Protein chains: 2
Amino acid sequence: MHLLVSIKMNEKTLAPSPFICGLDATLHVVGGKWKPLILHFLAGGSLRYGELKRSVRGISHKMLIQQLKMLERDGVVSRTDHGEIPPRVDYALTPLGHSLCEALRPLCSWGDQHTETIAAMLEQREA
Amino acid sequence: MHLLVSIKMNEKTLAPSPFICGLDATLHVVGGKWKPLILHFLAGGSLRYGELKRSVRGISHKMLIQQLKMLERDGVVSRTDHGEIPPRVDYALTPLGHSLCEALRPLCSWGDQHTETIAAMLEQREA
DNA sequence: CTGTATCCCCACGGATACTG
DNA sequence: CAGTATCCGTGGGGATACAG
């Protein structure tokens, strides 16, 4: 009895983890509709803004810029402006970004394996 | 030369894949803020509505019901109403759901490994 | 306890125009 | 080509009340 009593407090008044689990934490970084896709296409190597725009089909100009900024701020993507004219800007994954992308791969495979099934779902949704 | 010419068309006027890649397809199923978390907590076995509500901390009543319906419709989650009073309803992963959850695991691990880093990000965002 | 139905706000996100 | 700024609609999603 009296097991686990009196847990040592941290210095900073014990800030409880803001996440309910690891997955939750991850989603704070790659949550949303576009971020995973952006990372996915950067996995093959650095891309210019335009290339990225064309790769992530359907994304709007505004969204791409915005999401890239977030990803850069979070240390997942790096941005290098070559200071040329016309502008030439490359986006690439940081080491952290690569590791995250790695964790994303199973989701890609899963999607590949079930594309048919999922496509069928979408049609059924409208009905 | 003339490689890959004259690709055989499908019967149904060749409906081009609605997805830009496997990952995109996956996101049509577990996209959004809550679905991944719901699946994650169901991975340990079936849960009642209330248990799920408490597990996925922060989710609203409306959202949980709504997302569960979608997951059920998409064949990822199964719902069993025991027809009792008071009501007793269990939610569980289907085989498809389990495979998807499996693909989600690396994201959990990634989050676990970088919790500190991510927590730091969040604070920096406000600044 | 589980689920349905409303009200309602805000921010997500698209379209467009403009700058360097 | 890359990026910023603005306008503006839609719907995501919370709070609440109610039913079985």
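We name chains A, B, ... by the order of the sequence lines, and we start the count at 1 in each one. Bear in mind that the values here come from a model prediction, so they are computed numbers and not experimental data.
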Query raised in the report: Among all residues two or more places apart in sequence or in another chain, which pass the side-chain hydrogen bond (donor to acceptor under 3.5 Å, both in side chains) test with H61(B)?
Result: Y49(B)
Requested in this report: Rounded off to whole Å, could you give me the CD1-to-P distance for the I65(B) and dA5(C) pair?
Outcome: 12 Å
Requested in this report: Figure out the OH/P separation between Y91(A) and dC1(D), and round it to whole Å.
Outcome: 15 Å
Query raised in the report: Roughly, in whole Å, what's the span from CE in M63(B) to P in dT2(C)?
Result: 18 Å
Report summary line: L47(B) CG to dC1(C) P, in whole Å, measures 15 Å
Requested in this report: Choose from dC7(D), dG14(D), dA2(D) the nucleotide whose nearest atom is closest to any side-chain atom of K62(A).
Outcome: dC7(D)
Requested in this report: Test for a donor-acceptor pair under 3.5 Å between the base of dT4(C) and the side chain of H61(B), counting only N and O atoms.
Outcome: yes
Query - d(CG, D81(A); P, dT4(D)) in whole Å - result: 11 Å
Query raised in the report: Mapping G58(B) and E51(A) onto DNA chain D by nearest heavy atom, which one lands closer to the 5' end?
Result: E51(A)
Query raised in the report: So which nucleotide from dG14(C), dG20(D), dA2(D) ends up closest to the side chain of Y49(A)?
Result: dA2(D)
N/O donor to acceptor pairs below 3.5 angstrom from side-chain atoms of residues 84-96 of chain B, sequence neighbours left out:
residue	atom	partner	partner atom	Å
D90(B)	OD2	H82(B)	NE2	3.0
T94(B)	OG1	G75(B)	O	2.7
T94(B)	OG1	V76(B)	O	3.2
T94(B)	OG1	L96(B)	N	3.4
T94(B)	OG1	G97(B)	N	3.0

Query - N/O (side chain, R48(B)) to phosphate O (OP1/OP2, dT2(C)) under 4.0 Å - result: yes
Requested in this report: Give the rounded distance in Å between these two atoms: CD1 of I59(A) and P of dC12(C).
Outcome: 14 Å
Show me, pair by pair, the donor-acceptor contacts under 3.5 angstrom made by side chains of residues 110-119 of chain B, not counting sequence neighbours?
residue	atom	partner	partner atom	Å
W110(B)	NE1	S99(A)	OG	2.9
D112(B)	OD1	G22(A)	N	3.4
H114(B)	ND1	W110(B)	O	2.8
T115(B)	OG1	G111(B)	O	2.8
T115(B)	OG1	D112(B)	O	3.1

Query raised in the report: Residues from residues 29-42 of chain A sitting under 4.0 Å of DNA chain D, heavy atoms only?
Result: none
Requested in this report: List the atom of I20(A), the atom of D24(A), and the distance in Å for their closest heavy-atom pair.
Outcome: N-OD2, 3.0 Å
Report task. Measure from CD on Q66(B) to C1' on dA5(C) and round the result to the nearest Å. Result -> 13 Å
Report summary line: Rounded to whole Å, CG of L52(A) lies from C1' of dA2(D) at a distance of 12 Å
**Report entry** L27(B) vs L107(A) side-chain heavy atoms within contact, under 4.5 Å
**Finding:** no
Tell me which donor-acceptor pairs under 3.5 Å the side chains of residues 32-44 of chain A have, and how far apart each pair is, sequence neighbours excluded?
none

Requested in this report: Could you name each residue pair satisfying salt bridge (Lys or Arg N to Asp or Glu O under 4.0 Å) that touches residues 43-70 of chain B, not counting sequence neighbours?
Outcome: none
Query raised in the report: Out of dC1(D), dT2(C), dG14(D), which has the shortest distance to the side chain of S60(B)?
Result: dG14(D)
Query raised in the report: Within the structure, does a side-chain N or O atom of K69(A) lie under 4.0 Å from either OP1 or OP2 of dT4(D)?
Result: yes
Query raised in the report: Starting at the 5' end of DNA chain C and moving along, which residue's nearest nucleotide shows up first, P86(B) or I85(A)?
Result: P86(B)
